[in-house]
Trainee: 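One structure follows; several queries about it will come next.
Quick caveat: nothing in here was measured; it's all calculated off a predicted structure. Values reported hereafter were calculated over all heavy atoms of this structure, with side chains retained and with hydrogens, waters and symmetry mates removed.
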Amino acid sequence: MNIKQQTIQKAVSVSGVGLHTGVSATMTFMPAPANHGYKFQRIDLPGQPTVDADVDFVVDLSRGTTLEQNGARVHTVEHTLAALVGLQIDNALIQLDGPEPPIMDGSSIKFVEALEFAGIDEQNADKKYFEITEFVHHRNPEKDIEIAALPLNDYRLTVMVDYNSQVINSQHASLNDLTLFAKEIASCRTFVFLHELEALYKQNLIKGGDLSNAIVIVDRDVSDSDLDHLADLLNKPKVGVNRQAGILNNLQLHYPNEMARHKLLDMIGDLALIGRPIKAQILAARPGHAANVAFAKKIKSLIQKNAQNQVPQYDPKQPPILDINRITQLLPHRYPFQMIDKIIALDESSVVGIKNVTMNEPYFPGHFPGNPVMPGVLQLEAMAQTGGILVLSTVPDPENYWPFLVGIENCRFRRNVLPGDTVIFRCEFTSPMKRGIVKMQGRGYVNNLLVCEADMIASLVKKK
């Protein structure tokens with residue numbers, strides 16, 4: 001799984017009709033900055049309002065997942081989001097000139113192809129994974145639906161479907177590596193049972209449904225008159241049946257278990273609404289959009305309660321964004337007062353810096369002999385230097401500016417920092433810069449535990 005966030009290199013568009021609304025639309029994937037996430041934008045509406053891809057904004061689950069925010073509604077978002085997650089793209093603005101993404105062929109493959117054509121860009125920000133550390137379970141006994149998440153340092157999904165149908169036996173599908181999404185899952189199409197078609201039309205759904213964008217499963221005997229009626233319903237001159245496969249219009253399945261694979265695709269898209277990539281083993285029996293969304297809400301609730309998972313992750317094998325030489329060029333500090341060894345993440349609003357604490361630090365012989373503890377004031381200095389890099393990143397010529405710490409509030413030291421510790425400092429802006437003054441919140445962590453925190457005010461002054 002990727003360590004850094006990703007976006008696309010350039011804008012790319014797809015066009016087509018929406019499955020349920022029947023309205024033609026063009027959808028354009030746009031690059032977006034780090035920590036932007038997924039946002040839809042209805043450019044056909046006054047003010048071009050945006051809709052966050054967030055489980056809190058789900059308003060309808062009738063055969064698809066619909067979002068609404070800021071007076072704008074976007075239907076059937078799951079296939080679009082699945083393509084982004086499957087390609088490990090973290091940040092994208094998705095512009096729409098209609099109410100629903102095009103259904104294309106009923107899968108995510110056309111979106112995947114478009115995104116791959118646009119190219120993928122790595123960004124200077126770590127992915128903010130939420131790692132499941134305990135068993136999470138959702139059950140709907142009335143529909144015999146169960147979804148569970150188990151701890152795993154990866155993202156894997158297994159889905160089982162069972163419709164008590166003579167045409168479709170119990171099916172399983174698994175995705176054990178996200179890099180295989182494009183090859184093994186993306187092309188799997190949405191499906192519907194024949195007996196559901198007329199009911200869906202009466203519910204004012206699947207207005208854009210067509211035999212070219214959905215698998216229709218024939219789960220009962222049909223006469224020639226039934227087929228003629230279906231042809232009228234689908235606006236086709238003629239409709240046929242592959243009776244051996246139980247599929248309308250002699251459609252060929254991509255996989256024997258294509259239906260289970262599509263349910264897995266839907267789940268990936270729906271779980272994107274958690275708002276952060278997750279690390280877990282997901283097991284699902286007979287999932288649907290309502291269950292997926294209920295499960296996503298449960299995980300989002302865990303994220304909000306579990307501050308420990310906000311700790312930046314540090315992999316010493318990965319090259320830094322800024323090494324010690326570049327830090328020396330930017331900051332005015334020198335030994336023994338240069339406190340930061342590397343910067344591992346840096347974006348428009350946050351920075352992550354590393355301080356390796358060794359017994360060779362010049363202050364340890366006097367603080368405290370026989371029980372060396374890093375002074376709190378120097379922890380704060382290291383945090384401020386990390387924040388100084390963030391402040392300098394706001395100008396195109398940082399070498400020509402001094403970053404000064406001008407205020408400290410709400411400072412707390414939670415645990416001792418000892419020789420041998422690696423302190424991970426994260427600073428983020430809490431207010432926009434005005435007249436060279438900006439506010440930041442800083443935190444330091446050792447072994448995923450908070451050791452210090454403070455609110456800081458910094459001033460950016462041009463060198464004379």
Trainee: Centre of Y255's six-membered ring, under 6.0 Å away, within 45 degrees of the axis: is that where NZ or CZ of R261 sits?
Mentor: yes
Trainee: Do you know the tightest heavy-atom contact between E348 and P33?
Mentor: OE2-CB, 3.7 Å
Trainee: Is there side-chain contact between I103 and V17, with heavy atoms separated by less than 4.5 Å?
Mentor: yes
Trainee: N91 and G37: which non-hydrogen atoms are nearest, and at how many Å?
Mentor: OD1-N, 2.8 Å
Trainee: Take atom NZ in K4; do more than 12 heavy atoms of anything else shown fall under 6.0 Å from it?
Mentor: yes
Trainee: Taking N257 for the side chain and H172 for the main chain, is one N or O donor matched with an acceptor at less than 3.5 Å?
Mentor: yes
Trainee: Evaluate E453 against R443 for salt bridge (charged side-chain N to carboxylate O under 4.0 Å, His left out), listing each step before the verdict.
Mentor: CA-CA 4 Å; E453 58 184 329; R443 290 190 172 95; 3.6 Å; yes
Trainee: I'd like to know if the side chain of Q123 and the backbone of A32 have a donor-acceptor N/O pair within less than 3.5 Å.
Mentor: yes
Trainee: I want to check something: taking the side chain as every heavy atom from C-beta on, are D44 and L96 in contact at a cut-off of under 4.5 Å?
Mentor: no
Trainee: Would you check if the side chain of T328 reaches a backbone N or O of I324 as a donor-acceptor pair within less than 3.5 Å?
Mentor: yes
Trainee: State whether F295 and K300 meet the cation-pi test: NZ (Lys) or CZ (Arg) under 6.0 Å from the six-membered ring centroid, and within 45° of the perpendicular axis.
Mentor: no
Trainee: Do F130 and I274 make a side-chain contact, defined as non-hydrogen atoms from C-beta onward lying under 4.5 Å apart?
Mentor: no
Trainee: Kindly compute the distance separating OG (S174) from CE (M160), expressed to the nearest 0.5 Å.
Mentor: 12.0 Å
Trainee: Tell me whether K297 at atom NZ has more than 12 heavy atoms from other residues, nucleotides or ligands lying less than 6.0 Å away.
Mentor: no
Trainee: Which heavy atom of E134 sits nearest to which heavy atom of P151, and what is that distance?
Mentor: N-CG, 3.9 Å
Trainee: Is it true that a side-chain atom of R42 and a backbone atom of R73 form a donor plus acceptor pair closer than 3.5 Å?
Mentor: yes
Trainee: Can you name the nearest heavy-atom pair linking A25 to D97, along with the distance?
Mentor: CA-OD1, 3.3 Å
Trainee: Can you tell if the side chain of D341 reaches within under 4.5 Å of the side chain of I327, non-hydrogen atoms only?
Mentor: no
Trainee: Hey, could you give me the NZ/CD1 distance between K183 and I185, rounded to the nearest 0.5 Å?
Mentor: 12.0 Å
Trainee: Apply salt bridge (charged side-chain N to carboxylate O under 4.0 Å, His left out) to the pair D323 and K342, showing each step before the final yes or no.
Mentor: CA-CA 5 Å; D323 63 14; K342 63 177 74 173; over 6 Å; no
Trainee: Check whether Q5 reaches the backbone of N35 with its side chain - one donor and one acceptor, N or O, closer than 3.5 Å.
Mentor: yes
Trainee: Treating D347 as the side-chain partner and S349 as the backbone partner, does any N or O pair qualify as donor plus acceptor under 3.5 Å?
Mentor: yes
Trainee: Please list all pairs passing the ring-ring contact (aromatic ring centres under 6.0 Å, His included) test where one or both residues lie in residues 74-115, with sequence neighbours left out.
Mentor: H79-H262
Trainee: Look only at the side chain of N447 and the backbone of L449, and say whether a donor-acceptor pair between them is shorter than 3.5 Å.
Mentor: no
Trainee: Is the shortest side-chain N to carboxylate O distance from K127 to D90 below 4.0 Å?
Mentor: yes
Trainee: Do M267 and L175 have side chains that approach each other closer than 4.5 Å (heavy atoms only, starting at C-beta)?
Mentor: no
Trainee: Once the angle between the rings of F191 and F193 is folded into 0 to 90°, is it parallel (under 30°), tilted (30 to 60°) or perpendicular (over 60°)?
Mentor: perpendicular
Trainee: Which of these, I424, I343, V423, sits in a side chain to side chain contact (heavy atoms under 4.5 Å, CB included) with I354?
Mentor: I424
Trainee: Under a 3.5 Å distance rule, please check whether T386 uses its side chain to pair with a backbone N or O of A382 as donor and acceptor.
Mentor: yes
Trainee: Please name all residues satisfying side chain to side chain contact (heavy atoms under 4.5 Å, CB included) with K279, sequence neighbours left out, ordered by chain then number.
Mentor: M1, Y129, E131, N153
Trainee: If you draw a 6.0 Å radius around CG in D397, do more than 12 non-hydrogen atoms from other residues or ligands fall strictly inside?
Mentor: yes
Trainee: Between R326 and E399, does at least one N-O distance fall below 4.0 Å, as a salt bridge requires?
Mentor: yes
